[in-house]
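Here the structure comes first, spelled out in structure tokens, and everything after it is commentary.
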Amino acid sequence: MSTTTINLIDSFQEFKDFKNIDRPTVISVLEEVFRSMLRKKYGTDENCDVIVNPDNGDLEIWRTRKVMEDGFSEDDDLEIELADVHKLDPTLEVGDDYIEQITLESFGRRAILAARQTLVSKVLELEKDEIFKKYKDRVGEIVTGEVYQVWKKETLVLDDEGNELLMPKTEQIPADYFKKGDSVRAVISKVEMINANPKIIISRTAPEFLQRLFEQEVPEIFDGLITIKKIVREPGERAKVAVESYDDRIDPVGACVGMKGSRIHGIVRELKNENIDVINFTNNISLYITRALSPAKITSIKLDDETKHASVYLKPDQVSLAIGRGGHNIKLAGKLTGYEIDVYREAGEESDEDVDLEEFSDEIDSWIIDELKAIGCDTAKSVLALTVEDLVKRTDLEEETIKEVVQILQSEFE
């Protein structure tokens with residue numbers, strides 16, 4: 001048996017190991033390749049049987065010709081004359097079938113090499129189709145892969161079967177830093193065929209990624225008792241998630257956050273400390289906007305439903321909270337609610353503004369200020385809001401000291 005033939009048989013051996021292709025497909029591909037070789041050699045393959053055994057890579061080709069009287073054969077590909085057949089098998093008569101086995105060698109070396117090429121390219125094509133089909137149905141799912149190569153504009157990730165997934169820089173959280181061999185989780189965001197090659201784009205910045213992480217961490221979402229109505233993200237900075245519960249006994253926000261933040265903690269870590277606000281969805285727009293602007297506390301709100309515009313009034317110390325670092329809070333609240341939000345300081349409060357405790361450091365000892373800050377009072381008004389008894393109970397300060405402090409602070413507003 002020539003090495004070329006062995007080579008082809010080896011090819012079959014490879015085929016039965018191909019990862020994404022099912023048996024029947026492999027057999028039909030092989031059969032088609034050999035039938036085209038037969039057509040080239042004999043002009044027809046209709047009287048040939050190709051038998052492929054994918055388990056051991058065996059291949060048999062049988063050719064059948066009708067025995068004719070001498071001088072009556074019109075088609076040597078389908079018929080054989082008696083004189084010729086008797087040289088091969090003297091027992092046959094006119095009208096019998098002459099069946100012979102065709103060996104691979106008889107095709108010649110070049111035909112066999114060409115067949116191998118065709119086989120390999122057909123299988124690659126099939127594999128690409130399979131990968132495309134497999135991932136096309138998985139858009140929106142989380143996939144875990146291993147970083148294979150990091151370039152400036154994108155990162156190449158391999159899934160557990162060695163398929164290539166691409167994560168462009170724009171789909172990475174700004175704080176993401178990957179090196180070869182790292183394990184990475186992302187969501188499949190786009191699958192397309194480009195020049196017959198499947199291109200699978202994965203993303204860590206898509207809202208779907210955060211949604212899938214919630215589904216993994218919060219059984220009530222997975223089971224459909226809580227739905228995520230909307231997610232808006234500023235990747236790596238902040239996200240707002242509106243949730244709704246179909247069961248009055250379940251507090252959707254509590255379920256998403258978990259005991260002492262246990263459920264949300266893993267998500268925050270995965271997203272490089274993205275700050276996640278989970279809020280209760282409502283159809284009451286002003287209440288929805290109020291919740292969306294948390295942690296800021298709103299005094300009043302004016303809505304213009306036609307222009308989808310909201311004017312929000314807050315105490316001066318709440319304004320910067322509402323806007324948030326880099327304006328992320330107000331921007332996301334707007335995206336979440338679909339309203340353009342403008343923030344105003346409450347009128348008439350200007351003369352009555354609060355004063356930071358630090359500004360009294362020339363009149364009040366710094367250790368006393370620290371003591372008050374430790375119980376959450378960092379402005380004059382926050383101290384005055386509590387009674388002297390309360391302050392004594394909650395701090396380690398003497399009643400005398402507290403009375404003095406209160407007097408100093410009150411005189412500021414008189």
Side-chain angles (χ1 to χ4, degrees), residues 229-244 251-254 256-257 261 264 268 273-360 369 372-387 390-391 394 406 409-414:
K229 299 292 280 189
K230 192 165 183 184
I231 292 182
V232 289
R233 284 180 72 189
E234 203 66 43
E237 288 287 345
R238 193 171 207 138
K240 287 188 183 285
V241 182
V243 291
E244 189 175 30
D251 160 28
V253 175
C256 291
V257 175
I264 210 160
V268 169
N273 294 331
E274 193 167 306
N275 199 330
I276 303 172
D277 302 329
V278 183
I279 66 164
N280 220 329
F281 176 80
T282 169
N283 287 316
N284 173 340
I285 291 293
S286 58
L287 181 56
Y288 194 31
I289 292 175
T290 305
R291 288 174 180 169
L293 279 170
S294 72
K297 296 198 173 25
I298 288 172
T299 314
S300 62
I301 188 165
K302 282 187 191 147
L303 294 181
D304 182 339
D305 292 328
E306 269 178 29
T307 58
K308 293 236 164 193
H309 196 276
S311 304
V312 174
Y313 295 88
L314 311 101
K315 291 208 163 74
D317 60 334
Q318 294 295 307
V319 173
S320 59
L321 265 183
I323 292 168
R325 198 176 83 203
H328 295 312
N329 200 48
I330 192 162
K331 191 157 119 196
L332 290 177
K335 275 192 195 166
L336 190 69
T337 55
Y339 272 67
E340 196 180 321
I341 301 172
D342 281 332
V343 171
Y344 299 99
R345 285 165 183 259
E346 230 182 333
E349 284 271 321
E350 297 303 319
S351 58
D352 215 351
E353 263 187 39
D354 209 343
V355 184
D356 206 303
L357 279 190
E358 290 294 340
E359 293 185 23
F360 294 95
I369 293 178
L372 290 166
K373 278 189 172 172
I375 64 160
C377 297
D378 43 14
T379 64
K381 284 193 171 168
S382 60
V383 177
L384 295 175
L386 298 172
T387 63
D390 260 352
L391 288 164
R394 289 172 59 182
V406 169
L409 298 181
Q410 273 172 342
S411 61
E412 175 68 26
F413 294 107
E414 277 163 13

Practice problem: Flag the pair Ile264 / Cys256 as yes when at least one side-chain heavy-atom distance between them is below 4.5 Å, and no otherwise. | Solution: no
Quiz item: What distance separates Tyr344 OH from Lys302 NZ, expressed to the nearest 0.5 Å?
Solution: 9.0 Å
Quiz item: Could you state the interatomic distance from CG (Leu314) to CZ (Arg345), rounded to the nearest 0.5 Å?
Solution: 10.0 Å
Exercise. Please list, chain by chain and in numerical order, all residues satisfying side chain to side chain contact (heavy atoms under 4.5 Å, CB included) with Leu287, sequence neighbours excluded.
Key: Thr282, Asn284, Arg291
Quiz item: Do any pairs count as a side chain to side chain donor-acceptor pair (under 3.5 Å) and have a residue in residues 332-342, sequence neighbours left out, and if so which ones?
Solution: Asp305-Tyr339, His309-Asp342
Practice problem: May I ask you to test the Leu303-Ile289 pair for a side-chain heavy-atom distance under 4.5 Å? | Solution: yes
Practice problem: Nearest 0.5 Å please: distance from the CG atom of Leu321 over to the CD1 atom of Ile330. | Solution: 12.0 Å
Exercise. First locate atom CD1 of Ile276, then atom CZ of Arg238, and finally report the distance between them rounded to the nearest 0.5 Å.
Key: 11.0 Å
Exercise. Please answer whether the main-chain N or O of Lys373 pairs with a side-chain N or O of Asp378 as donor and acceptor at a distance below 3.5 Å.
Key: no
Practice problem: Might you point out which heavy atoms bring Ile369 and Glu358 nearest each other, and give the distance in Å? | Solution: CG2-OE2, 4.2 Å
Practice problem: Check whether any side-chain heavy atom of Arg325 sits under 4.5 Å from a side-chain heavy atom of Glu237, and report yes or no. | Solution: yes
Quiz item: Judged by atom type as modelled, is there a donor-acceptor pair below 3.5 Å linking the side chain of Arg394 to the main-chain atoms of Ile375?
Solution: yes
Quiz prompt | Nearest heavy-atom neighbours spanning Pro252 and Asn280 | solution = CG-OD1, 3.5 Å
Quiz prompt | Shortest non-hydrogen contact from Gly338 toward Lys308 | solution = O-CD, 3.4 Å
Quiz item: Going through the checks in order, is the side-chain contact (heavy atoms from CB on, under 4.5 Å) test met by Glu234 and Leu332?
Solution: CA-CA 8 Å; Glu234 203 66 43; Leu332 290 177; 4.2 Å; yes
Self-check item: Minimum heavy-atom distance between Asn329 and Ala292, given as atom pair plus value
Solution: OD1-O, 4.5 Å
Quiz item: Atom OG1 of Thr379 and atom CG of Asp317: how far apart are they, to the nearest 0.5 Å?
Solution: 6.5 Å
Quiz prompt | Test item: Leu336 and Ile279 side chains (from C-beta on) under 4.5 Å apart, heavy atoms | solution = yes
Quiz item: Less than 4.5 Å apart, any side-chain heavy atom of Leu384 and any of Val406?
Solution: yes
Quiz item: Does the side chain of Leu357 reach to within under 4.5 Å of the side chain of Leu372, using non-hydrogen atoms?
Solution: yes
Quiz prompt | Sub-4.5 Å side-chain heavy-atom contact between Gln318 and Ile298 | solution = no
